[in-house]
Amino acid sequence: MKDLKHLYYFEKLLEDANNELVRQAQADGRKCIATVCENIPEPLLNLPGTFSVRLRAPRTGSIEMATYYMTSFLCEYTRALLERAMEGGYQFTDCLITPDGCSMLNRCVENMELLKTMDKKDYFYEYMEIPMKADDNGLNLYTLQCRNHILKPLQEKFGIDISDEAIRRAVEEHNRVCELIRQIGAYRKEENPRITGYEFHILTMATYVAPKDLLISRLEETLKELETRKPDEKNPCRIRVVLVGSEVDDVDLVKLIEECGAYVCADRFCYGSFPGRDRIELTDEEDVLTQICRQYMYRGQCARYMNQDKIQERRSYIDRLAKEYHADGIIYQQMKFCDPWAYERMVGTHVLREDYHYPVLSVDRPYAVGNSGQLRTRVQAFVESVELKKIQGGGR
């Protein structure tokens with residue numbers, strides 16, 4: 001297929017946490033609000049005068065110093081973030097807000113604070129408690145935490161407007177980005193898709209790490225371009241898979257999977273579009289903050305939520321995605337030493353195989369995949385096994 005006009009630009013944005021659009025927004029006087037987890041409602045970080053970035057560590061090399069502080073038993077994502085912070089890689093941020101999505105993230109950010117990695121006047125850290133059950137009590141906690149650890153500090157430290165009107169404007173901008181990502185992603189349903197999973201992952205990730213308003217025009221142009229883009233006559237991918245599990249910000253992972261012949265037709269992972277790029281619907285019948293928190297909590301698919309309804313929903317959600325996007329199988333991945341997703345992957349893999357009857361490849365992986373020969377071999381074997389089943393007429 002002909003290259004997308006802005007793909008190289010989006011790829012370049014992802015090469016550095018302090019990317020071109022981050023620098024542009026800060027030159028305009030806006031404050032950079034950093035976070036490390038999908039459980040933070042993004043519109044609350046993108047109020048007039050602010051913009052959000054979710055931290056990542058592109059081009060990760062050695063993480064020895066972070067391992068010294070955090071031990072080798074904690075996930076490589078948190079260690080890579082701490083290593084990059086100690087290198088001075090996040091000096092461009094103006095504050096860091098983290099939820100207790102897992103104890104490892106908290107420990108990572110606590111080390112950043114204790115080691116004084118952000119040498120900046122008025123820099124502050126906020127730690128949020130996130131509910132483990134999606135119910136009325138959980139919503140009350142979530143709303144209170146967002147008010148006390150996001151809105152109040154932004155107003156007190158930076159003088160940010162936190163009115164319902166300001167939040168509604170941020171939601172409108174958020175929804176526009178979500179609409180564009182959803183419309184672009186819908187082309188993955190085609191029998192011979194006009195966009196690759198790798199390309200879509202690049203576009204989606206950019207919306208998490210750069211000011212959203214500065215991305216909209218390029219996303220609109222990309223959507224327009226896709227309307228007339230012609231796919232290759234023969235799709236090089238032999239099967240279609242949903243990629244699910246823990247945090248994925250390494251673009252090489254999706255590229256490796258597709259090079260092995262598995263088209264990533266849908267994504268349910270941290271940094272993915274499901275459910276992270278769902279619209280937020282607001283009414284005039286309730287305060288805006290509560291409405292946002294309710295939708296984030298009830299639609300969230302994070303393994304932190306432990307009530308049985310949410311646990312069962314995570315499997316049925318994957319099933320719905322697989323059916324809607326015509327997947328032949330599931331790749332269930334988890335970063336090494338990620339406790340919440342380790343248990344979720346183990347049980348989820350069994351349930352998706354036995355109860356939903358999907359072929360499932362279950363893997364744990366490093367933060368930076370690179371050109372992993374072992375992972376490549378496993379994906380290739382999975383592709384061949386699913387393809388053989390299809391040829392034999394077994395389908396799923």
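Quick note: numbers below take in every heavy atom, side chains included, and nothing from hydrogens, waters or symmetry partners.
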Where do [X] and [Y] come nearest, in terms of heavy atoms and distance?
| X | Y | value |
| --- | --- | --- |
| Lys120 | Asp94 | NZ-OD1, 3.1 Å |
| Asn18 | Arg23 | O-NH1, 2.6 Å |
| Pro231 | Pro193 | CB-O, 3.5 Å |
| Arg56 | Asp249 | NH2-O, 3.1 Å |
| Gln91 | Met118 | NE2-CA, 3.7 Å |
| Arg30 | Thr50 | NH2-O, 3.6 Å |

Distance, nearest 0.5 Å, that separates CG of Leu361 from CG of Leu375: 7.5 Å
When the ring centroid of [X] is compared with that of [Y], is the distance short of 6.0 Å?
| X | Y | result |
| --- | --- | --- |
| Phe10 | His201 | no |
| Tyr296 | Tyr298 | no |
| Phe124 | Phe158 | yes |
| Tyr198 | Tyr263 | no |

salt_bridge([X], [Y]) N-O dist < 4.0 Å:
| X | Y | result |
| --- | --- | --- |
| Lys224 | Glu227 | yes |
| Glu199 | Lys255 | no |
| Lys336 | Glu76 | no |
| Lys133 | Asp309 | no |
| Arg84 | Glu87 | yes |
| Glu179 | Arg279 | yes |
| Asp319 | Arg315 | no |
| Arg107 | Asp100 | no |

Arg277 NZ/CZ over Tyr208 ring centroid, <6.0 Å and within 45° of normal: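 The answer is yes; both the distance and angle limits are met.
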NZ or CZ of Arg79 within 45° of Tyr367 ring axis and under 6.0 Å: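 Output no; distance or angle outside limits.
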Full working for side chain to side chain contact (heavy atoms under 4.5 Å, CB included) between Ile40 and Met128: CA-CA 9 Å; Ile40 297 286; Met128 292 176 56; 3.3 Å; yes
Residues Lys310, Asp135; criterion salt bridge (Lys or Arg N to Asp or Glu O under 4.0 Å); working and verdict: CA-CA 10 Å; Lys310 294 293 284 185; Asp135 54 22; over 6 Å; no
Within one Ile-Leu-Val-Met-Phe-Trp-Tyr cluster: Ile280 and Phe51, side-chain cutoff 4.5 Å: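 Shared cluster, no.
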Derivation of the salt bridge (Lys or Arg N to Asp or Glu O under 4.0 Å) call for Arg54 and Glu42: CA-CA 10 Å; Arg54 193 183 299 177; Glu42 285 180 279; 5.0 Å; no
